[in-house]
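Sequential numbering from 1 along the given sequence is applied to the chain's residues.
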Amino acid sequence: MEKVAFIINPFSAKKNYQPFLNELKKKVNNPLYYVSESIPGTDEFIQAHFEEVDIFVAIGGDGTISTVAKNLINTEKILAIFPAGSGNGFSNETQFSKNLDELLAKIKIKNSRKIDTFTVNDRLSINVSGTGFDGKVVKEFEKTSRGFKNYIKVSLKTFFNYKPIKVKFFDEEYQQYNGRYLMMNIANTRQFGNNAYIAPKASKSDGLVDMVLVKKFPLTYSALFAFRMFTKRLKDDEYVTYLPVSEISFKVNTKNWHLDGEFNKIKSPVHVKVQPASLSILI
């Protein structure tokens with residue numbers, strides 16, 4: 001295992017990473033690992049071991065995975081995942097489970113494939129990023145102890161008070177979609193996490209992202225929206241619009257974004273661009 005490094009986010013998995021580390025030490029002789037103290041610390045660890053390591057394993061949620069991935073973009077280094085987040089959207093979409101034996105078997109075989117990533121004003125995203133309602137939800141969610149129940153509570157509380165965002169596209173072909181929206185999401189994969197499929201037809205290897213525009217809908221539609229989202233049946237209708245794009249620019253009257261579930265402040269104008277086949281993933 002001298003060509004593998006394990007990067008652990010100690011704040012994931014309800015701040016209880018020790019069982020994973022104990023199991024890792026039992027099954028791997030003298031593993032190379034780092035318990036992350038900060039994003040700069042993670043970056044420094046990866047760069048310090050970049051030459052001798054082939055596979056970097058992110059132990060955490062989508063934010064942790066994205067932090068590791070940004071160091072591997074457009075290289076031959078391989079990203080692997082042990083999911084330990086609250087939603088685990090990206091690991092669900094890339095078939096990584098909470099089974100260390102299964103992960104170690106994949107590492108031994110060392111098969112990989114290239115997938116797309118994208119940037120929002122040059123900031124990397126690998127899964128789903130967005131603004132509007134869900135950007136606000138992530139901001140409020142980070143004030144809690146996380147977990148799916150808290151996410152639902154924050155979502156419901158935010159929904160009733162949230163004023164739609166204003167979106168204005170620069171490209172003439174998209175200006176017909178200028179308007180007010182509950183939220184805007186850019187999806188490289190199909191789901192936020194917890195099997196909530198915001199973009200059921202999105203592909204992480206087609207050179208495109210699905211831009212999902214959702215108008216504020218009445219309470220009578222909310223049950224149908226939720227049902228469709230959790231059964232992979234969301235589609236274009238009077239409230240939901242899908243725009244497959246490789247690159248797009250627009251203005252939006254909020255700075256509150258989430259990138260792979262992590263809160264970010266991003267100023268307009270906003271430029272989204274796909275980076276085709278830019279990240280190697282263990283399979």
Side-chain angles (χ1 to χ4, degrees), residues 87 89 118-121 123 125 127-144 150-194 196-202 209-230 233-245 247-273:
F118 68 97
T119 56
V120 181
N121 283 6
R123 301 188 201 187
S125 180
N127 194 53
V128 178
S129 294
T131 187
F133 168 72
D134 55 326
K136 176 68 171 175
V137 167
V138 167
K139 184 179 181 181
E140 297 304 315
F141 182 53
E142 290 191 347
K143 298 175 185 177
T144 73
N150 281 332
Y151 187 82
I152 295 298
K153 286 180 184 177
V154 169
S155 296
L156 289 172
K157 184 178 178 181
T158 304
F159 180 82
F160 292 107
N161 301 317
Y162 196 75
K163 294 180 180 179
I165 56 173
K166 294 180 185 177
V167 180
K168 185 177 181 181
F169 293 97
F170 295 140
D171 298 336
E172 190 173 338
E173 65 178 301
Y174 298 115
Q175 287 178 3
Q176 61 182 303
Y177 302 106
N178 289 351
R180 294 175 177 268
Y181 294 95
L182 175 67
M183 60 184 179
M184 165 194 285
N185 283 285
I186 299 120
N188 187 43
T189 76
R190 300 175 300 167
Q191 64 169 294
F192 288 125
N194 292 307
Y197 292 86
I198 188 64
K201 294 183 180 179
V209 287
D210 277 9
M211 175 167 275
V212 191
L213 301 170
V214 181
K215 293 179 180 177
K216 190 156 188 179
F217 45 77
L219 194 59
T220 51
Y221 179 84
S222 58
L224 178 60
F225 181 84
F227 171 76
R228 286 179 175 174
M229 185 164 64
F230 283 100
R233 297 179 188 177
L234 270 182
K235 59 184 180 180
D236 284 283
D237 64 12
E238 62 183 309
Y239 298 111
V240 182
T241 300
Y242 288 95
L243 303 176
V245 298
E247 188 172 1
I248 196 166
S249 296
F250 53 89
K251 290 195 298 185
V252 59
N253 67 334
T254 179
K255 298 175 187 174
N256 293 339
W257 280 73
H258 75 88
L259 300 182
D260 298 326
E262 300 294 322
F263 180 72
N264 279 255
K265 288 274 190 184
I266 298 178
K267 294 180 181 178
S268 286
V270 179
H271 181 220
V272 173
K273 187 175 183 179

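Remark: Thr131 pairs with no residue by the side chain to side chain donor-acceptor pair (under 3.5 Å) rule, at least two apart or across chains. By the side chain to side chain donor-acceptor pair (under 3.5 Å) test, Arg233 pairs with no residue at all, sequence neighbours left out. Remark: Lys168 engages Asn178, Lys251 in a side chain to side chain contact (heavy atoms under 4.5 Å, CB included) (not counting sequence neighbours). Looking at residues two or more places apart in sequence or on another chain, you find a side chain to side chain donor-acceptor pair (under 3.5 Å) between Glu247 and His271. Residues that satisfy the ring pair (Phe, Tyr, Trp, His ring centres under 6.0 Å) test with Tyr181, not counting sequence neighbours, are absent from this structure. Applying the salt bridge (Lys or Arg N to Asp or Glu O under 4.0 Å) rule to Arg228 yields the partners Asp237; only residues at least two apart in sequence or on another chain are considered. Every residue two or more places apart in sequence or in another chain that forms a ring pair (Phe, Tyr, Trp, His ring centres under 6.0 Å) with Phe250 is listed here: Phe169. Qualifying side chain to side chain contact (heavy atoms under 4.5 Å, CB included) partners for Ser129, counting only residues two or more places apart in sequence or in other chains: Phe118, Ser125, Leu259, Asp260. Listed by chain and number, the residues in a side chain to side chain contact (heavy atoms under 4.5 Å, CB included) with Lys265 are Lys139, Lys255, Asn256, Phe263 (sequence neighbours excluded). In this structure, the ring pair (Phe, Tyr, Trp, His ring centres under 6.0 Å) partners of Phe225, at least two apart in sequence or on a different chain, are Phe217.
Between Val214 and Phe133, the closest side-chain pair of non-hydrogen atoms is not below 4.5 Å. Using a 4.5 Å heavy-atom threshold, the side chains of Asn127 and Asn188 count as separate.
Closest of all the heavy-atom pairs between Tyr162 and Leu182 is CE2-O, 3.7 Å. The two residues Ala187 and Ala202 come nearest to each other via the heavy atoms O-CB, 4.0 Å. Taking both residues in full, the closest heavy atoms of Gln191 and Val128 are given as O-CG2, 3.4 Å, listed atom of the first, atom of the second, then distance. Among all heavy-atom pairs drawn from Glu173 and Gln176, the shortest one is O-NE2, 3.4 Å. Summarising the geometry of Asn185 relative to His258, their closest heavy-atom pair is OD1-NE2, 3.6 Å, with the distance given to 0.1 Å.
To the nearest 0.5 angstrom, Met184 atom CE is 8.5 Å from Leu243 atom CG. Rounded to the nearest 0.5 Å, atoms OG (Ser268) and CG (Asn121) are 8.0 Å apart. Residue Met183 holds its CE atom at 14.5 Å from OG1 of Thr254, rounded to the nearest 0.5 Å. Between atom CD1 of residue Ile198 and atom CE of residue Met229 there is a gap of 6.0 Å, rounded to the nearest 0.5 Å.
Side-chain N or O atoms of Asp210 include none that pairs as donor or acceptor with a backbone N or O of Tyr242 at under 3.5 Å. Side-chain N or O atoms of Asn264 include one that pairs as donor or acceptor with a backbone N or O of Glu262 at under 3.5 Å. In this structure a side-chain-to-backbone donor-acceptor pair under 3.5 Å is present from Gln175 to Phe170.
Using cut-offs of 30° and 60° on the angle between ring planes, the pair Tyr239 and Tyr221 is tilted.
In Glu172, the CD atom is not crowded: 12 or fewer heavy atoms of neighbouring residues, nucleotides or ligands sit closer than 6.0 Å.
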